[in-house]
Amino acid sequence: MSKFEGTRARLLPITSDVEWVKWAEDEVPYKQLPDIEGTVFVDGGIRHFIVDGLRMTFPKATVITAPTEIRQVTERKPKGELVLLKCANEATLLAIRQVHKHMHIGIQNAALPHGSGTDRRLGPDDFALFDCTASLHGYRSNVTRTPALPASTIPDTISNMKLCPLGVAKRVDEAPRLFLVLAYAKYFKHRLGHGFGLEVHEDPNLNDGNGVILQTGHTFLDEPGVYIEGKVGVRLEDCSYIAQNASTMYLASGVGGPASSPWKTNYL
Ligand SMILES: *[C@@H]1O[C@H](CO)[C@@H](O)[C@H](O)[C@H]1NC(C)=O
Ligand SMILES: *[C@@H]1O[C@H](CO)[C@@H](O)[C@H](O)[C@H]1NC(C)=O
């Protein structure tokens, strides 16, 4: 890191024995490292100019993305990380509920802070989609609700969507598709979800092509949805994790847990 960032780095909530390499503003960062000849594993999300810098400075080194086994270490979260994720997700859900309380038929986007897109007023047959994220010490939440507004006239034709079971990622992706009656299954265009934690998108992906076995500590977004272009879309999204007893648990269960239907009063 730049020398002037030293104080900020010491304040970071990192408990492991990390050795910080510091450089002055007029120094080349890579040249502050000891000579490297072996293999350097980098995080897959690293910016490419850093990989280029390492390769140019250490021509005898091989700089490659860390193998799956190393990446998988961060996929499964220990208890401390789960607590942070629970707090972030619960706070997000509570915030969505507060905003929804202040919405009504006739409200315009412009009536809300940061409203954007169109200035159309919400009518009695509109859904309001909240797709929200928050971060607590770097740990992310991602919660989506698509509630009807009070006095909505939308017919109750969209089935409840249930939490996916523990199993192979591919099978987990199939479960809600089977659950949705055939008429709606074709409108479920998206994969069911994916892992998350420090990043909003992490492995494993919950899709038809993924044979990864979900294990204790895996955290993932469960985001079934029905998208009928030009007409209506409903997406429900909750973050979940696999507990020690192999149950799938919602991270926001402390404040009421998952969405079940846009019409139930406890839905949010
Ligand atoms: C939440 O996750 C969904 C699905 O991965 C993504 O499309 C969306 O952008 C995320 N929301 C935010 C606010 O980051
Ligand atoms: C599994 O573990 C979770 C988290 O500790 C707990 O809340 C849940 O009740 C347990 N479920 C069963 C079926 O024991």
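The figures that follow rest on heavy atoms only: side chains count, while hydrogens, waters and symmetry mates do not. Just follow the structure's listing: the first ligand is 1, and inside any ligand the first atom is 1.
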Polar side chain donor-acceptor pair, E223 to T144, under 3.5 angstrom:
no
Can you tell whether the side chains of [X] and [Y] come within less than 4.0 Å, N to carboxylate O?
| X | Y | value |
| --- | --- | --- |
| D131 | R145 | no |
| D52 | R47 | no |
| R140 | E202 | no |

For N245, atoms of ligand 2 separated by under 4.0 Å from a heavy atom
1 (C), 2 (O), 3 (C), 8 (C), 10 (C), 11 (N), 12 (C), 14 (O)
Show which atoms of ligand 2 fall inside a sub-4.0 Å distance from at least one heavy-atom site of S247.
1 (C), 11 (N), 12 (C), 13 (C)
Which hydrophobic side chains are connected to W23, either touching it within the sub-4.5 Å cutoff or through other members that do?
none
Remaining members of L11's ILVMFWY cluster at a side-chain heavy-atom cut-off under 4.5 Å?
none
Need the list: ligand 1 N/O atoms against protein N/O atoms, distance under 3.5 Å, rounded to one decimal.
residue	atom	partner	partner atom	Å
ligand 1	2 (O)	N142	OD1	3.3
ligand 1	2 (O)	N142	ND2	2.3
ligand 1	2 (O)	E237	OE2	3.2
ligand 1	5 (O)	H194	NE2	2.7
ligand 1	5 (O)	H201	NE2	3.1
ligand 1	5 (O)	E223	OE2	3.4
ligand 1	11 (N)	D131	OD1	2.9
ligand 1	11 (N)	N142	ND2	3.2

Part of M249 within contact of ligand 2 (heavy atoms, under 4.0 Å)
side chain
Side chain to side chain contact (heavy atoms under 4.5 Å, CB included) with E75: which residues, sequence neighbours excluded?
Q72, D203, P204, H218
